[in-house]
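Working notes, structure below.
Sequence positions, counted from 1, serve as the residue numbers for this chain.
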Amino acid sequence: VNPDRVLAGDKSLHYFSFWSTHEGVVFQQVEAIPGGSYCFSAYGHAWSNRISGNSNDGFLSAELDSIDDGRLYQRVGIDPTGGTDWTADSVIWSDERRQYDLFEVFRVEATAQASQITVFIYSRADAPVKHNDVYWDEAALTLNEFFAVTPNGISEMVDVDTPTTMTRTVSISATSTVSWTAVLEAGGTLTPTLSTSGGMGSGDVQVIIDTTGLMTGTYSVNLQ
């Protein structure tokens, strides 16, 4: 306490450099849905001061840009490819700032490009003061939004001399907050029947094609 070094519960993540600088990260790889939009957030703050740390001079950070300021920056990041190299160009970072003595949120968003993503918490102290201490708490990774359609296309060959009705399934995978509609693009040469015109979250669309009356040829339509 004075100031609080834990935001919630009994503990926070705490690391430091003593009369030295540092630059580094803590990271974790997490399973993800390719194409999903993710938000990673963590609350952080720092204690940076050349002289503080006893009952006489307190436990607060120095004034920004003073001689006692360790210039200790924090940020969070996501590698949407799942890599663990925090220096890679693929890592997407939040804003970087000196967040002294008071927990505030750091937040970044990215779209997953693989079946796992990597989240990072980062700090960098540029001046070797006595206390370059970093605190993190309440880290969270959330899936904001995801939408995918499978398969990408349907192709069938039929004997027009034997009329038939074909039913094929198009599957929608989406987070519960995503609404969608299914319509046939104008100008197509085929007019199937759709089992539904839309929905919310995951679901299926049955595409029903009646070949009665069709002559030999190629027919197509886009489902949007």
Side-chain angles (χ1 to χ4, degrees), residues 27-42 75-86 88-95 105-121 138-224:
F27 70 86
Q28 182 177 355
Q29 291 177 297
V30 184
E31 290 185 1
I33 302 173
S37 172
Y38 286 86
C39 175
F40 176 55
S41 62
R75 61 181 177 174
V76 298
I78 298 176
D79 187 339
T81 69
T84 58
D85 179 4
W86 59 273
D89 292 338
S90 55
V91 181
I92 299 172
W93 293 102
S94 71
D95 65 303
V105 69
F106 293 77
R107 181 182 292 109
V108 65
E109 296 187 3
T111 300
Q113 300 176 22
S115 59
Q116 67 177 9
I117 60 177
T118 308
V119 294
F120 299 89
I121 56 176
E138 290 293 275
L141 179 67
T142 57
L143 176 60
N144 292 338
E145 186 174 283
F146 172 72
F147 183 83
V149 178
T150 55
N152 292 327
I154 299 170
S155 180
E156 297 287 345
M157 294 183 65
V158 299
D159 184 356
V160 295
D161 293 331
T162 308
T164 185
T165 298
M166 301 181 302
T167 301
R168 298 294 181 265
T169 301
V170 175
S171 294
I172 308 295
S173 298
T175 44
S176 60
T177 56
V178 175
S179 62
W180 50 270
T181 57
V183 296
L184 299 175
E185 187 179 69
T189 55
L190 195 65
T191 309
T193 301
L194 304 180
S195 62
T196 182
S197 61
M200 180 78 73
S202 298
D204 291 334
V205 179
Q206 307 297 326
V207 182
I208 305 165
I209 303 170
D210 185 356
T211 66
T212 301
L214 294 180
M215 303 296 291
T216 299
T218 301
Y219 302 85
S220 64
V221 67
N222 288 327
L223 178 61
Q224 299 180 321

What distance separates [X] [atom1] from [Y] [atom2], expressed to the nearest 0.5 Å?
X      : Y      : atom1 : atom2 : value
Leu194 : Leu184 : CG    : CG    : 4.5 Å
Thr191 : Asp210 : OG1   : CG    : 11.0 Å
Tyr38  : Ile117 : OH    : CD1   : 6.0 Å
Gln28  : Ile121 : CD    : CD1   : 10.0 Å
Ile33  : Thr111 : CD1   : OG1   : 12.5 Å
Trp180 : Ser197 : CH2   : OG    : 8.0 Å

My understanding is that only residues two or more places apart in sequence, or in another chain, count here; which of them pass salt bridge (charged side-chain N to carboxylate O under 4.0 Å, His left out) with Asp95?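 Partners of Asp95 by the salt bridge (charged side-chain N to carboxylate O under 4.0 Å, His left out) criterion, ordered by chain and then number, come out as Arg97.
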
Give every donor-acceptor pair under 3.5 Å between a side-chain atom in residues 198-207 and any protein atom, sequence neighbours left out.
residue: Ser202; atom: OG; partner: Ala174; partner atom: N; Å: 3.1
residue: Ser202; atom: OG; partner: Ala174; partner atom: O; Å: 3.2
residue: Asp204; atom: OD1; partner: Ser171; partner atom: OG; Å: 3.0
residue: Gln206; atom: OE1; partner: Thr169; partner atom: OG1; Å: 2.9
residue: Gln206; atom: NE2; partner: Thr169; partner atom: OG1; Å: 3.4

Is any side-chain heavy atom of [X] less than 4.5 Å from a side-chain heavy atom of [Y]?
X      : Y      : value
Asp85  : Phe27  : no
Ile208 : Thr165 : yes
Ser220 : Thr189 : yes
Trp86  : Asp79  : no
Thr150 : Val170 : no
Ile154 : Leu223 : no
Val158 : Ile209 : no
Phe120 : Trp93  : yes

Step through the shown structure and confirm whether more than 12 heavy atoms of other residues, nucleotides or ligands are within 6.0 Å of CD on Glu31. no

So for atom CG, which belongs to Asp159, do other residues, nucleotides or ligands contribute more than 12 heavy atoms lying within a distance under 6.0 Å? yes

On a heavy-atom basis, which atom in [X] and which in [Y] lie closest, and how many Å separate them?
X     : Y      : value
Ser90 : Thr81  : OG-OG1, 3.9 Å
Gln29 : Gly82  : NE2-O, 2.8 Å
Ala32 : Ala112 : CB-CB, 4.0 Å
Ile92 : Val108 : O-CG2, 3.6 Å
Val76 : Arg107 : CG2-N, 3.9 Å
Gly77 : Phe40  : O-CD2, 3.8 Å

Pairs flagged by salt bridge (Lys or Arg N to Asp or Glu O under 4.0 Å) wherever residues 143-157 is involved - sequence neighbours left out: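 Salt bridge (Lys or Arg N to Asp or Glu O under 4.0 Å) check on residues 143-157 returns Glu156-Arg168.
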
